[in-house]
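Working notes, structure below.
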Amino acid sequence: MMNKKQIRFCLDEITKMFPDAECELKHANPFELVIAVLLSAQCTDVLVNKVTAELFKKYKTPEDYLAVSLEELQQDIRSIGLYRNKAKNIRKLCEVLIENYGGEVPRTKAELEKLAGVGRKTANVVASVAFNEPAIAVDTHVERVSKRLGICRWKDSVVQVEETLMRKVPIKEWSDTHHRLIFFGRYHCKARNPECPTCPLLELCREGQKRMKKEKEVNA
DNA sequence: CTCCCGATAT
DNA sequence: ATATCAGGAG
């Protein structure tokens with residue numbers, strides 16, 4: 001497990017690599033962000049943006065999503081995958097927004113998590129990106145990067161990863177750190193071919209060291 | 001834990 | 001062919 005000083009070094013290096021990391025899901029308001037993040041489960045943000053480009057022209061309000069049939073909404077998001085669950089959740093979410101929140105998106109993580117299809121990660125993203133609440137959403141990238149580097153333990157749950165990051169990172173840096181860890185995981189410390197040879201964190205990366213050693217054995 | 005699930009990279 | 005993608009619900 002890394003100490004605070006080592007984590008500081010990692011964050012500084014990742015900041016140099018991705019100084020402008022930010023939410024890549026296109027949205028014009030909190031409502032569009034909730035829909036976009038809900039759709040993004042097990043799907044690339046590139047594909048989500050492709051779909052929402054058309055979706056957000058057709059559906060502007062919660063009422064709009066309830067005005068069409070479930071089948072029509074399914075077709076409009078079909079290319080995303082998991083589309084039956086997501087269409088059902090969007091409708092349920094819109095119903096609750098209208099009934100309980102005056103058609104507006106609630107601002108707190110606790111209220112957000114009650115919405116259909118909105119779990120801990122999505123609630124954290126919306127609270128942080130749309131409402132500037134301090135939060136660190138742990139998605140597949142943040143989890144993988146944190147575990148490879150040794151910021152947390154391999155066996156940690158996503159909640160444990162989130163708690164470790166919140167403990168070790170100053171609260172004012174939560175939002176930027178969150179996005180930079182995602183960019184680092186998405187474009188450098190990738191799931192398949194992590195670019196360890198050119199990684200500035202290689203010398204203190206547990207997984208990186210292991211991979212480099214293995215590569216040496218193969219070449220020998 | 002399993003299921004949901006199409007698009008894309010490898 | 002298969003792993004992976006800004007996960008969540010039952």
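The basis for the numbers below is simple: all heavy atoms, side chains too, and nothing from hydrogens, waters or symmetry mates. Only a predicted model underlies this, so the values are computations on that prediction, with no experimental measurement involved. To find a chain, count down the sequence lines: A is the first, B the second, and so on, and within it residues start at 1.
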(message) Of the listed nucleotides (dC5(B), dT8(B), dG7(C)), which one gets closest to any side-chain atom of Asp139(A)?
(response) dG7(C)
(message) Strictly below 4.0 Å: does Thr122(A) bring a side-chain N or O up to OP1 or OP2 of dG8(C)?
(response) yes
(request) Only one of Leu115(A), Leu70(A), Ile35(A) passes side chain to side chain contact (heavy atoms under 4.5 Å, CB included) with Ile90(A); say which it is. (result) Ile35(A)
(request) Could you pull out the closest heavy-atom pair between Arg84(A) and Gln74(A), with the gap in Å? (result) CG-NE2, 3.6 Å
(request) Check whether any side-chain N or O of Ser79(A) sits under 4.0 Å from OP1 or OP2 of dG6(B), and answer yes or no. (result) no
(request) Figure out the CD/P separation between Glu32(A) and dA6(C), and round it to whole Å. (result) 20 Å
(request) Indicate, with a heavy-atom threshold strictly under 4.0 Å, whether Leu25(A) touches base, sugar-phosphate, or nothing. (result) base
(request) Give a yes or no on this: more than 12 heavy atoms of other residues, nucleotides or ligands lie within 6.0 Å of atom CZ of Arg153(A). (result) no
(message) Mind checking if Lys88(A) touches a base, just sugar-phosphate, or nothing, with heavy atoms under 4.0 Å?
(response) nothing
(message) Side chain of Thr44(A) only, heavy atoms from C-beta on: which candidate in dG7(C), dC5(C), dC5(B) is closest?
(response) dC5(C)
(request) Mind checking Val48(A) for me? I need base, sugar-phosphate or nothing, with any heavy atom below 4.0 Å counting as a touch. (result) nothing
(request) State which of dT10(B), dC4(B), dA6(C) makes the closest approach to the side chain of Asn193(A). (result) dT10(B)
(request) Please collect all side chain to side chain donor-acceptor pair (under 3.5 Å) contacts where either partner lies in residues 134-149 of chain A, sequence neighbours excluded, each pair once. (result) His141(A)-Arg144(A), Glu143(A)-Lys147(A)
(message) Once you apply a heavy-atom cut-off of 4.0 Å, does Arg186(A) come out as touching a base, just sugar-phosphate, or nothing?
(response) base
(request) Assign each of Ala116(A) and Ala191(A) to its nearest nucleotide of DNA chain C by heavy atoms, then name whichever residue's nucleotide is nearer the 5' end. (result) Ala191(A)
(message) Once you apply a heavy-atom cut-off of 4.0 Å, does Val125(A) come out as touching a base, just sugar-phosphate, or nothing?
(response) base
(message) Counting the atoms with a prime plus P, OP1 and OP2 as sugar-phosphate, which does Leu39(A) contact under 4.0 Å by heavy atoms, base, sugar-phosphate, or nothing?
(response) nothing
(request) Could you check whether Gly119(A) gets within reach of a base, just the sugar-phosphate, or nothing at all, counting any heavy atom under 4.0 Å? (result) sugar-phosphate
(request) Using the P atom as the reference point in each nucleotide, state the distance between dA6(C) and dC3(B) in Å, no decimals. (result) 24 Å
(message) Considering every strand and a 4.0 Å limit on heavy-atom distances, what is the contact class for Ile182(A): base, sugar-phosphate, or nothing?
(response) base
(request) Please tell me which of the listed nucleotides, dA6(C), dC5(B), dT8(B), lies nearest to the side chain of Gln42(A)? (result) dC5(B)
(message) Quick check on DNA chain B: between Gly81(A) and Lys190(A), whose nearest nucleotide comes earlier from the 5' end?
(response) Gly81(A)
(message) Could you report the tightest heavy-atom contact between Ile77(A) and Lys86(A), atom names first, then the distance?
(response) CD1-CB, 3.9 Å
(message) Counting only side-chain nitrogens and oxygens, does Arg120(A) get under 4.0 Å of the OP1 or OP2 atom of dG8(C)?
(response) no
(request) Output the single nucleotide from dC5(C), dC5(B), dG8(C) whose closest atom is nearest the side chain of Lys121(A). (result) dG8(C)
